[in-house]
Amino acid sequence: MSKIAIMGAMPEEIEPIITKLDDLNVVEYAANKYYEGSYHGKKVVVAYSKIGKVFATLTATSLIEKFGCDTLLFSGVAGAISEDLHIGDLIIADGLCQHDLDITAFGHPYGYVPEGEVCIPTDEKLREVAKKVAKAKGLPLKEGIIATGDQFVADHERKEWIGKTFHADALEMEGAAVAVVCSSLDVPYFILRAISDSADMDASFNFDEFLESSAKISADFILAMVEEI
Ligand SMILES: Nc1ncnc2c(CN3C[C@H](CSc4cnccn4)[C@@H](O)C3)c[nH]c12
């Protein structure tokens, strides 16, 4: 039987999901908590990684290798780069890149290391499920590149540079780590983010104000996807 991993980075991003699970069982592993349960008859394992690419790598790997998940859905919030994206809007990742990975001193492009790739594509079938859910809900759904880096971006120039350099529409701190883990372990993965801020000088204020509401928008959408997978 399939087992779906649902991952976030912060407690607020998975709390709206955990409360909806049946047969909940909490497992402590690798300095984290993993919530096993079911949703509409589907087996799920839910966890938040804590912030940043390193924690996200550990949690995504554990969800697959320790808990045996064969699909991974990420639910969370993001900073907007595209001017089409506003607070509460949803974006699904076509691909993910690391905007703070830089060995350009050796002539490589930003975001590239040997034997790696700048942009890692997400699973097309899962993106199609998302579009079907969005249509059924009458929700607009943007699709684009999401840039990941180990920094909370609250600077117009930095955000514009990331957008231009990676053709990215949104930014966050975990997605590309999940992408590397899932693509390396051949597990279909999907990254959904709801906008919490615009990664500019007001970012930290907007983030604090909209984290909870935007995280719930993303979480509710992810649960609707679980019913369709
Ligand atoms: N502008 C932005 N830049 C980079 N990432 C983001 C995100 C997405 N998440 C939220 C959280 C911010 S750091 C954090 C630290 N302390 C408290 C809360 N969040 C981190 O997990 C990445 C939303 N807006 C972003």
Side-chain angles (χ1 to χ4, degrees), residues 5-18 31-33 46-63 72-93 95-102 110-111 122 142 144-166 168-181 189-222:
I6 303 177
M7 184 178 158
M10 302 179 71
E12 294 85 347
E13 292 173 326
I14 65 155
E15 191 274 331
I17 293 166
I18 291 168
N32 205 352
K33 287 191 172 86
V46 184
Y48 72 89
S49 58
K50 299 185 280 294
I51 292 164
K53 288 187 278 176
V54 174
F55 282 124
T57 303
L58 172 60
T59 299
T61 303
S62 300
L63 283 163
L72 191 148
L73 311 177
F74 189 102
S75 181
V77 297
I81 298 174
S82 167
E83 290 183 359
D84 300 343
L85 286 170
H86 304 97
I87 303 286
D89 287 351
L90 289 167
I91 179 169
I92 62 175
L96 294 110
C97 58
Q98 295 184 64
H99 66 71
D100 59 351
L101 186 54
D102 176 354
Y110 284 106
T122 55
K142 185 153 179 82
I145 302 293
I146 295 182
T148 303
D150 280 323
Q151 51 197 227
F152 183 81
V153 176
D155 176 80
H156 183 78
E157 280 64 42
R158 176 73 186 159
K159 132 182 168 169
E160 291 300 305
W161 180 85
I162 293 168
K164 177 172 59 63
T165 308
F166 298 95
D169 291 307
L171 55 84
E172 30 89 314
M173 299 176 70
E174 296 85 18
V178 171
V180 169
V181 169
Y189 78 102
F190 172 83
I191 307 280
L192 174 73
R193 296 275 185 166
I195 299 301
S196 54
D197 59 275
S198 298
D200 54 16
M201 63 187 289
D202 301 325
S204 57
F205 305 107
N206 285 341
F207 180 83
D208 287 341
E209 183 178 357
F210 297 107
L211 165 63
E212 199 166 328
S213 55
S214 291
K216 181 149 187 342
I217 292 167
S218 180
D220 289 347
F221 193 96
I222 285 287

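Read the numbers this way: they start at 1 and go in the same order the structure lists the ligands and their atoms. Model, not experiment: these values are computed from the prediction.
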*Asks:* Given a heavy-atom cut-off of 4.0 Å, could you list the residues near ligand 1 in chain and number order?
*Replies:* Ala9, Met10, Ile51, Val77, Ala78, Gly79, Gln151, Phe152, Val153, Leu171, Glu172, Met173, Glu174, Arg193, Ser196, Asp197, Ala199, Phe207

*Asks:* Is there a side-chain contact between Met7 and Val46 in this structure, where contact means two heavy atoms from C-beta onward sitting under 4.5 Å apart?
*Replies:* no

*Asks:* Do Asp202 and Asp197 touch side chain to side chain, with heavy atoms closer than 4.5 Å?
*Replies:* no

*Asks:* Just by distance, with hydrogens left out, do Ser75 and Glu13 show a side-chain donor and acceptor under 3.5 Å apart?
*Replies:* no

*Asks:* Compare all side-chain heavy atoms of Asp89 with those of Lys142 and state whether any distance is below 4.5 angstrom.
*Replies:* no

*Asks:* Is any side-chain heavy atom of Ser214 closer than 4.5 Å to a side-chain heavy atom of Ile87?
*Replies:* yes

*Asks:* Would the Tyr48 and Phe55 ring centres measure less than 6.0 Å apart?
*Replies:* no

